[in-house]
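Values below: all heavy atoms of this structure, side chains included; hydrogens, waters and symmetry mates excluded. Per chain, numbering begins at 1; letters A, B, ... match sequence-line order.
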There are 2 protein chains.
Amino acid sequence: MTTSSMKDVARAAGVSVGTVSNVLNRPDAVAEETRRRVLAAIASLGYVRNDSARQLRAGRSRNVAIVVLDVSNPFFTDVVRGAEPLVDSAGGVVTVCDSGEDVRREQRHLEILEEQRVRGLLITPVDDTSAERLERLTAHDIPVVLVDRGAGLHPHCSVAVDDVHGGRLAAAHLVEQGHASVAFIGGPLSIPQVRDRLAGCREVCERSGTRLETFTSVSLNVGGGRQAVEQMLRLPDAPTAVFCANDLVALGALQGLTMHGVKVPEECAIVGYDDIDFAAAAAVPLSSVRQPRAQLGRTAAQLLFEEIAEGKGHTHRNVVFQPELVARASTAVDL
Amino acid sequence: MTTSSMKDVARAAGVSVGTVSNVLNRPDAVAEETRRRVLAAIASLGYVRNDSARQLRAGRSRNVAIVVLDVSNPFFTDVVRGAEPLVDSAGGVVTVCDSGEDVRREQRHLEILEEQRVRGLLITPVDDTSAERLERLTAHDIPVVLVDRGAGLHPHCSVAVDDVHGGRLAAAHLVEQGHASVAFIGGPLSIPQVRDRLAGCREVCERSGTRLETFTSVSLNVGGGRQAVEQMLRLPDAPTAVFCANDLVALGALQGLTMHGVKVPEECAIVGYDDIDFAAAAAVPLSSVRQPRAQLGRTAAQLLFEEIAEGKGHTHRNVVFQPELVARASTAVDL
DNA sequence: ACCCCCGCGTGAAACGATTCAATTATTCCG
DNA sequence: CGGAATAATTGAATCGTTTCACGCGGGGGT
């Protein structure tokens with residue numbers, strides 16, 4: 001009634017458990033007639049394999065986890081969707097974990113995932129402090145691939161987009177349109193991506209003698225953007241252009257500006273980052289720095305499986321993609 | 001080096017495995033000094049509990065799964081975020097699965113989840129045919145709570161929003177604004193929510209003598225909406241208002257109309273469904289039927305834990321929320 | 001006739017934690 | 001000071017698989 005085990009199946013089919021296991025795992029090692037009987041027993045008992053027992057024996061699970069900064073950010077769901085098919089066809093299952101940009105939550109997830117002996121881990125770390133926690137996994141033979149973050153000195157494969165360059169693209173675009181002062185909105189600065197995008201932006205601003213103000217948002221989402229822009233508007237001479245660390249923040253900034261009657265792009269231009277699908281559909285279609293989202297996920301999964309396959313003799317690879325500026329109405333100087 | 005087990009810890013600390021287990025699970029049953037020694041051994045060996053073994057013994061895992069139709073739809077991520085804190089504080093972990101509106105993928109997930117002996121399941125079923133597959137889980141003592149779907153005759157708790165009424169609200173709003181013909185865009189019709197929203201819409205249209213055309217989209221996303229609207233525009237006298245089965249479709253419809261130079265709302269009004277955050281931020285802010293997304297998730301998790309706690313003597317509850325129309329520019333007749 | 005191999009099956013030993021009855025050491029009380 | 005209650009620890013059984021060395025009977029080759 002409740003749950004039946006292999007033993008029950010074996011009894012019902014009049015064979016040993018070893019044979020039942022064989023029916024499930026190497027069907028051709030067992031005679032036609034026997035197999036039939038066993039399968040019938042399985043069906044009639046409603047037997048379902050117990051994965052815990054399997055995993056215990058195997059020493060590891062078939063799950064691959066992906067830890068993202070924010071599941072409700074379409075950027076990350078696109079990355080996940082990029083990775084899924086690969087994991088899937090490798091017979092794995094994807095577990096999505098949301099760290100919510102919070103180191104403690106990230107840490108908790110890592111602990112649980114390690115207890116679960118996941119087969120591998122794709123992660124966008126919250127922080128630079130995540131590194132040592134990740135090495136612990138690596139030391140325990142759980143391959144880790146960094147997503148949207150270069151590996152630097154750390155012993156992992158990684159898939160990243162050149163964020164410094166992305167920052168440059170955004171800033172250059174704004175400077176080119178004649179803006180004499182630019183605001184950067186994003187935060188917290190502990191997030192590496194934010195720092196890099198800012199760095200690229202700063203580089204261009206300094207070189208071109210453009211004033212740069214930075215406004216730190218609490219979080220990389222719509223609320224954060226709205227709030228930071230409020231702060232900006234309190235300034236006597238607010239910048240005429242903002243570069244936001246991601247599209248959610250940009251959308252929030254757009255809302256904030258509109259609420260205060262500031263016209264976009266006429267009185268204030270906006271560039272976002274990620275080019276999520278919603279960016280193009282926004283009230284004022286957003287210019288944005290595009291990242292190959294799905295490909296990021298796909299490649300990450302690929303690197304993970306390579307590492308799994310190659311085992312000990314594996315050398316880490318760090319793949320870097322180049323971002324691309326997509327100009328839309330939110331920075332259109334004419335029309 | 002690789003992975004150490006309780007036995008290793010026990011040896012290192014000079015105690016039995018039973019004691020190590022006690023240190024982990026009922027610390028006060030073990031003497032101060034011993035505990036210290038064991039903890040030291042754990043730390044120095046880098047010991048990590050093996051969850052498979054735990055689960056095997058316990059007979060079930062501590063994971064709660066949630067199966068959604070589309071992870072990249074913010075509606076669902078909001079539902080997930082609503083459920084997460086509760087599961088979390090109950091010591092569980094959430095596994096998010098994406099069925100992609102596909103029965104076979106859903107089925108695959110269910111099989112895997114059952115093998116994993118998840119503690120419980122929140123699911124938005126793809127289809128009416130999902131029902132019997134779900135009863136299998138219930139029969140195996142895995143509580144199931146239906147999300148965004150009434151339970152009807154099925155032996156589950158459920159959390160739903162009155163979709164028929166939502167359909168009525170949308171249609172009534174459009175009719176009230178004087179539209180003489182309305183298009184419904186959504187699909188596939190095998191998805192119950194789509195059918196219900198259409199039913200409510202149809203009811204109001206018939207009562208008010210409004211012409212109703214329905215356009216079936218392949219999928220409930222932006223692409224589906226864009227495509228369906230193309231089809232609509234080929235009609236000699238296309239409707240002057242569309243009601244979309246969700247906001248993604250509505251956003252797609254908006255894009256499609258704009259691309260064909262149809263002005264929204266002047267030449268064609270749009271009402272969406274879900275009121276995701278992006279709806280308000282769209283090129284033309286979308287009128288939409290709001291659902292209490294986070295609360296849906298929260299309540300679902302609550303029901304699940306009630307069922308787990310009450311065990312055999314549990315009676316199923318079916319909670320229904322009422323949707324609410326949010327009118328924005330996409331249906332604004334004046335201004 | 002002998003041996004070996006092959007195809008099918010068997011049974012028991014892992015895997016790593018939890019649990020509980022049994023054991024030993026300690027303290028308390030009359 | 002004996003005996004009982006209390007505290008701390010042990011060891012073995014158990015969960016459900018997978019795996020592997022081994023048995024057994026029947027051909028085929030020489």
Let me know the distance between [atom1] of [X] and [atom2] of [N], rounded to the nearest Å.
{"X": "Arg26(A)", "N": "dC8(C)", "atom1": "CZ", "atom2": "P", "result": "14 Å"}
{"X": "Arg60(A)", "N": "dG16(C)", "atom1": "CZ", "atom2": "C1'", "result": "16 Å"}
{"X": "Asp28(A)", "N": "dG7(C)", "atom1": "CG", "atom2": "C1'", "result": "12 Å"}
{"X": "Met6(A)", "N": "dA12(C)", "atom1": "CE", "atom2": "P", "result": "17 Å"}
{"X": "Glu32(A)", "N": "dG7(C)", "atom1": "CD", "atom2": "P", "result": "16 Å"}

What nucleic acid atoms does [X] come within less than 4.0 Å of, heavy atoms only: base, sugar-phosphate, or nothing?
{"X": "Val15(B)", "answer": "sugar-phosphate"}
{"X": "Ser5(A)", "answer": "sugar-phosphate"}
{"X": "Thr34(B)", "answer": "sugar-phosphate"}
{"X": "Gly18(A)", "answer": "base"}
{"X": "Asp51(A)", "answer": "nothing"}

(request) Let me know which of Asn22(A), Val20(A), Val15(A) forms a side chain to side chain contact (heavy atoms under 4.5 Å, CB included) with Thr34(A). (result) Val15(A)
(request) Only one of Ile123(A), Val126(A), Val96(A), Thr124(A) passes side chain to side chain contact (heavy atoms under 4.5 Å, CB included) with Val67(A); say which it is. (result) Ile123(A)
Does a nitrogen or oxygen in the side chain of [X] sit under 4.0 Å from OP1 or OP2 of [N]?
{"X": "Ser16(A)", "N": "dG9(C)", "value": "no"}
{"X": "Ser21(B)", "N": "dA17(C)", "value": "no"}
{"X": "Asn22(A)", "N": "dG9(C)", "value": "no"}
{"X": "Arg49(A)", "N": "dT18(D)", "value": "yes"}

(request) Kindly say whether, by distance alone, the side chain of Arg57(A) makes a donor-acceptor pair under 3.5 Å with the base of dT17(D)? (result) no
Please tell me which of the listed nucleotides, [options], lies nearest to the side chain of [X]?
{"X": "Val30(A)", "options": "dG9(C), dG16(D), dT9(D)", "value": "dG9(C)"}
{"X": "Ala53(B)", "options": "dT9(D), dT17(D), dA17(C)", "value": "dA17(C)"}
{"X": "Val17(B)", "options": "dA12(D), dT9(D), dC8(C)", "value": "dA12(D)"}

(message) Does atom CZ (Arg317(B)) have a neighbourhood of more than 12 heavy atoms from anything else shown, all under 6.0 Å?
(response) no
(request) Considering non-hydrogen atoms only, spot the tightest contact between Ala300(B) and Leu122(B) and give its length. (result) O-CD2, 3.8 Å
(request) Scan Arg57(A), Gln55(A), Glu115(A) and name whichever one has a side chain to side chain donor-acceptor pair (under 3.5 Å) with Ser52(B). (result) Gln55(A)
